[in-house]
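Report on the following structure.
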2 protein chains.
Amino acid sequence: MQLDRIVNFHKTIGDKTRIRIISLLKEGPLHGQAIAGKLGLKPPTISHHLTKLKQIDIVYQRRDKNTIYFYLNKDKLERMALEITRIGGNEMSEKFEITDGEKVKVIRNFIDGNGKLKSLPAQRKKKLILLEYMLRGLEHGKTYNEKEINEHIQQYHQDFATIRREFVMAHFMYRQDGIYELNPVEMWPV
Amino acid sequence: MQLDRIVNFHKTIGDKTRIRIISLLKEGPLHGQAIAGKLGLKPPTISHHLTKLKQIDIVYQRRDKNTIYFYLNKDKLERMALEITRIGGNEMSEKFEITDGEKVKVIRNFIDGNGKLKSLPAQRKKKLILLEYMLRGLEHGKTYNEKEINEHIQQYHQDFATIRREFVMAHFMYRQDGIYELNPVEMWPV
DNA sequence: GCGCTAATTAGATTATAATCTAATTAGATA
DNA sequence: TATCTAATTAGATTATAATCTAATTAGCGC
């Protein structure tokens, strides 16, 4: 749910230690012990906070020999921070809940009893309904590598390459350096 | 402290109920019972959350007859949300802590034993040091009415009008509709 | 002043989470 | 394989805070 993601982001940021970590990483990557040292806390504590920061995807890590360096994802931080200003008005419209009569009909026609996609409709409008349907479970703001996207699509159809391409072409998601992410709903096709 | 304000903002926002309240108020003001009804919670609970939202200044209230309407301060919300993206790098430089040798000397020369300002230096550079010194205790992001500003200045000097004008002219703070607020540090004079 | 309505405060309960020590895991190097 | 270092996990302790009921306060209208 969209709401939970925003709540979780702020809950995570709303901690002195974690903001201090963010502040440190803003200057450049650091390894765990270094952070612990600078903040006067024990390594397990830092580990604890870093996993939380990784969960919301604003910190990522890269290993070099024995030590793991932690990086701040500044772009993501900025995008997430702004989301609170964009939420609501009409009480959190759940884009993924397809209850609209027409849509339900189209989906019933093209999804079989096992939840698999029979075929992708040629008609643009119907195709978009199916594509949107198959996005369920993917989260806004989260990043996925190609393998994850493929696996997700295979729930519905074995030809993940085609459908993945359709996702991008229809602007449901975008790709950069092999990393996929959902586009904001404003960019989705009508 | 600057850090605490940011932590507190996110700690406050990082709660599902409070975000739902923000989402509701985005469409327009509501009174307490209405919020309680829409969210399926008891009035005391709403009261509890509203005081928190008022504390960080993103909700304010206006009474009409017997009922109090709560308003969302959208501008403030947006400004606060962005602050996290601007913090740090060099570990939270405390602009109010004047330890720099030259500054200390100037301050000793113009502040008497009781902490009062003897006179405002004519020399621009020295004047700025004193003005900045007299900002201590005012918080970034908080709004003050003229009376509060005057009282603050009177700690240092009886002629609050002159000093208040200097604050604004030097871009330490700005005034809008009789409300004063500190400018972001980037706007402060060198 | 009296009663009405809406809001807040007090106090208890329960859930969440920050931090630590001790034990364990993961990788690298020799 | 044995050993070293850095990171994580487990588990306990302690602090914080969300929510409720019951009691209280604040302001309006009669």
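Reminder, nothing fancy here: chain letters follow the sequence lines and each chain counts from 1.
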* Nearest whole angstrom, please: distance from the C1' of C:dA6 to the CG of B:Leu41. => 17 Å
* To do: Report yes if at least one side-chain N or O of A:Lys54 is closer than 4.0 Å to OP1 or OP2 of D:dT8; otherwise report no.
  => yes
* Asked: What is the distance, rounded to the nearest whole Å, between atom NZ of A:Lys42 and atom P of D:dA6?
  -> 15 Å
* **Along DNA chain D (nearest heavy atom to each residue), the more 5'-positioned of B:Thr45 and A:Tyr69** => A:Tyr69
* Structure fact -> To the nearest angstrom, the NZ-P distance between B:Lys11 and C:dT16 comes to 16 Å
* To do: Determine the contact category for B:His31: base if any of its heavy atoms lies under 4.0 Å from a base atom, sugar-phosphate if only primed atoms, P, OP1 or OP2 are that close, otherwise nothing.
  => sugar-phosphate
* To do: Using the six-membered ring wherever Trp is involved, compare the ring planes of A:Tyr71 and A:Tyr60 and label them parallel, tilted or perpendicular (cut-offs 30° and 60°).
  => parallel
* Could you please name the option among D:dA7, D:dA18, D:dT19 that lies closest to any side-chain atom of B:Arg18? => D:dA18
* Asked: Any side-chain N or O of A:Gln33 less than 4.0 Å from the OP1 or OP2 oxygen of D:dT5?
  -> no
* Rounded distance in Å - CG (B:Leu39) to P (D:dT19) -> 10 Å
* Go through D:dT21, D:dA7, D:dT19 for me and flag the one nearest to the B:His48 side chain. => D:dT19
* Structure fact -> Atom NZ of B:Lys52 and atom C1' of D:dA18 are separated, to the nearest Å, by 9 Å
* Asked: Could you run down nucleotides 25-30 of chain D 5' to 3' and tag each one B, S or - for protein heavy-atom contact under 4.0 Å?
  -> --BSS-
* Asked: Quick one: on DNA chain C, does B:Ser47 or A:Pro44 contact a more 5' nucleotide (nearest heavy atom)?
  -> B:Ser47
* To do: Report the end-to-end axis angle of the helix from C:dG1-D:dC30 to C:dA30-D:dT1; each axis comes from five terminal pairs, and the value is rounded to 10°.
  => 30°
* Atom-pair distance (CG on B:Leu50; C1' on C:dA6), nearest Å -> 13 Å
* Asked: Does a side-chain N or O from B:Thr17 land closer than 4.0 Å to OP1 or OP2 of D:dT19, or not?
  -> yes
* **Salt bridge B:Asp15-A:Lys11, side-chain N to carboxylate O under 4.0 Å** => no
* To do: Check side chain to side chain donor-acceptor pair (under 3.5 Å) between B:Lys127 and all other residues, then give those that pass, not counting sequence neighbours.
  => B:Glu166
* Asked: Nearest-Å distance, NE2 (B:His49) to P (D:dA18)?
  -> 6 Å
* Send over the distance from A:Ile46 CD1 to D:dA6 C1', rounded to a whole Å. => 14 Å
